[in-house]
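The structure under discussion appears below in the form of structure tokens.
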Amino acid sequence: MREHGDYRIDRFDDVVVSVVLDAWNLETMQSYASQFRALFDDCGRDPWALVVDARQWRLATPEVGPELGELARWKDRNGLVAAAYINIADDELKSHFAADQIFRHYDKARVALVEEPVDALTWVSAHGFEVSPDLQAHLR
């Protein structure tokens with residue numbers, strides 16, 4: 001089956017930015033997880049932060065949920081310290097889906113649900129991560 005939905009993943013030193021777009025199917029989720037994990041192949045397990053921009057995400061098919069949970073556990077075991085999710089709390093369906101399928105799998109990482117990119121940058125900065133001008137420009 002073809003991927004449905006899209007994403008972009010970029011790394012700015014110790015901050016990873018993930019932009020999730022449209023509605024996802026399992027193939028998109030598997031591609032996303034593979035690309036996400038590949039970011040860490042060469043750089044070890046130093047502490048890092050995550051910003052997920054979900055402003056244009058339209059949720060996912062049911063089989064994606066367990067895969068999101070597994071990726072959240074992987075992030076938690078592999079150095080994630082702080083994560084900020086943009087525009088999850090503003091939508092009741094997104095909020096419920098994320099709480100059930102993603103957030104409950106974080107044991108160590110601190111998670112914030114924020115409304116705007118600037119709030120996400122403030123969150124990761126407050127946890128000791130540098131917010132570079134390139135990172136700021138990327139989230140506009």
Side-chain angles (χ1 to χ4, degrees):
M1 186 176 234
R2 285 185 24 210
E3 291 183 24
H4 186 271
D6 203 3
Y7 60 87
R8 290 188 313 271
I9 306 170
D10 296 290
R11 188 167 189 157
F12 298 86
D13 296 319
D14 54 2
V15 178
V16 176
V17 176
S18 175
V19 179
V20 293
L21 307 161
D22 302 319
W24 285 15
N25 63 5
L26 183 59
E27 289 74 18
T28 304
M29 178 62 219
Q30 291 170 335
S31 173
Y32 174 80
S34 176
Q35 185 176 342
F36 198 100
R37 288 180 177 113
L39 286 176
F40 295 87
D41 285 348
D42 297 327
C43 63
R45 301 292 185 255
D46 292 334
W48 56 282
L50 172 66
V51 174
V52 177
D53 184 346
R55 290 177 288 180
Q56 296 180 43
W57 189 45
R58 303 292 172 252
L59 293 176
T61 55
E63 64 270 14
V64 169
E67 298 285 328
L68 281 168
E70 177 53 37
L71 184 58
R73 284 188 293 276
W74 181 90
K75 293 172 189 174
D76 202 54
R77 290 189 308 262
N78 286 278
L80 179 62
V81 172
Y85 287 78
I86 303 168
N87 196 34
I88 292 286
D90 292 347
D91 181 302
E92 188 174 338
L93 286 176
K94 281 185 194 178
S95 181
H96 177 72
F97 182 85
D100 188 49
Q101 301 297 333
I102 303 169
F103 304 144
R104 69 185 180 95
H105 298 287
Y106 289 126
D107 290 326
K108 300 174 191 166
R110 304 279 315 261
V111 178
L113 308 182
V114 300
E115 293 182 26
E116 298 294 330
V118 67
D119 302 322
L121 297 175
T122 299
W123 174 257
V124 299
S125 178
H127 286 83
F129 296 94
E130 181 181 349
V131 176
S132 68
D134 287 342
L135 174 54
Q136 292 175 27
H138 186 74
L139 279 174
R140 288 191 183 152

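Side-chain atoms are counted along with the backbone in the values below, which use heavy atoms only and exclude waters and symmetry mates. Because the structure is a prediction, the values reported are computed rather than measured.
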If I compare all heavy atoms of [X] with all of [Y], which pair ends up nearest, and what's the gap?
X      : Y      : result
Val20  : Ala54  : CG2-CA, 3.8 Å
Ala82  : Trp123 : CB-NE1, 3.7 Å
Asp119 : Glu115 : OD2-N, 3.8 Å
Val17  : His138 : CG1-CD2, 3.7 Å
Val114 : Ala84  : CG2-CB, 4.5 Å
Val111 : Tyr106 : CG2-CD1, 3.4 Å

Ignoring hydrogens and angles, tell me if any N or O in the side chain of [X] forms a donor-acceptor pair with the backbone of [Y] under 3.5 Å.
X     : Y      : result
Asn25 : Arg2   : yes
Asp76 : Ala109 : yes
Asp53 : Ile86  : no
Ser34 : Gln30  : no
Trp48 : Asn78  : yes

Could you grab the distance from atom [atom1] of [X] to atom [atom2] of [Y], nearest 0.5 Å is fine?
X     : Y      : atom1 : atom2 : answer
Asp6  : Ser31  : CG    : OG    : 9.0 Å
Lys75 : Phe36  : NZ    : CZ    : 4.5 Å
Arg8  : Gln35  : CZ    : CD    : 11.5 Å
Phe12 : Leu139 : CZ    : CG    : 7.0 Å

For Gln56 and Val19, what are the C-alpha separation, side-chain angles and deciding distance, and is it a side chain to side chain contact (heavy atoms under 4.5 Å, CB included)? CA-CA 8 Å; Gln56 296 180 43; Val19 179; over 6 Å; no
[X] versus [Y]: any side-chain heavy-atom pair under 4.5 Å?
X     : Y      : value
Arg55 : Pro117 : yes
Arg77 : Arg73  : yes
Asp14 : Asp46  : no

Same cluster or not: Leu80 versus Leu39, using hydrophobic residues (I, L, V, M, F, W, Y) connected whenever any side-chain heavy atoms lie under 4.5 Å apart? yes
Check for me, please, whether Leu21 and Leu26 land in the same ILVMFWY cluster - side-chain distances under 4.5 Å, paths through other members count. no
Determine whether the aromatic ring centres of residues Tyr85 and Trp57 are separated by less than 6.0 angstrom. no
Residue pair Val131, Val15: steps toward the side chain to side chain contact (heavy atoms under 4.5 Å, CB included) verdict: CA-CA 8 Å; Val131 176; Val15 178; 5.9 Å; no
Considering residues, nucleotides and ligands other than His4, do more than 12 of their heavy atoms fall under 6.0 Å from its NE2? no
Is the count of non-hydrogen atoms from other residues, nucleotides or ligands lying under 6.0 Å from Gln136 atom CD greater than 12? yes
Can you say whether the rings of Phe40 and Trp74 are parallel (under 30°), tilted (30 to 60°) or perpendicular (over 60°)? perpendicular
Would you kindly say whether Glu130 and Ser132 are connected by a side-chain donor-acceptor distance under 3.5 Å? no
